[in-house]
J.: 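Sharing a structure below in structure tokens format, with a few things to ask.
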Amino acid sequence: MQPFALNYARPAVELEAVIPYMYDAGLQLNVLLDGRVAASDFALLREVGTTTSTAGSKTHFDD
């Protein structure tokens, strides 16, 4: 017997997004494509709200 909800479940729509920063393992910070620290770009922070990466949870046990 199939649960009722599975008759209506649909995969989430994946939106394409361009992330204007990347994680720099040497600095352990997110940096913009021109090398500046992403957290120092206030326009970017207003636009995306955060520059979170998964690095902290991979390197620190207390995150």
J.: Of all heavy-atom pairs between G26 and D24, which one has the smallest distance, and what is that distance?
T.: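 Heavy-atom minimum between the residues: N-OD1, 2.8 Å.
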
J.: Quick check: do Y21 and L44 have side-chain heavy atoms less than 4.5 Å from each other?
T.: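 They are in side-chain contact.
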
J.: Where do V37 and N30 land on the side-chain contact (heavy atoms from CB on, under 4.5 Å) test, with the steps shown first?
T.: CA-CA 6 Å; V37 175; N30 288 319; over 6 Å; no

J.: When you compare the side chain of R36 with that of V31, does any pair of heavy atoms fall below 4.5 Å?
T.: no

J.: What distance do M22 atom CE and L32 atom CG have between them, rounded to the nearest 0.5 Å?
T.: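 If I round to the nearest 0.5 Å, the distance is 9.0 Å.
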
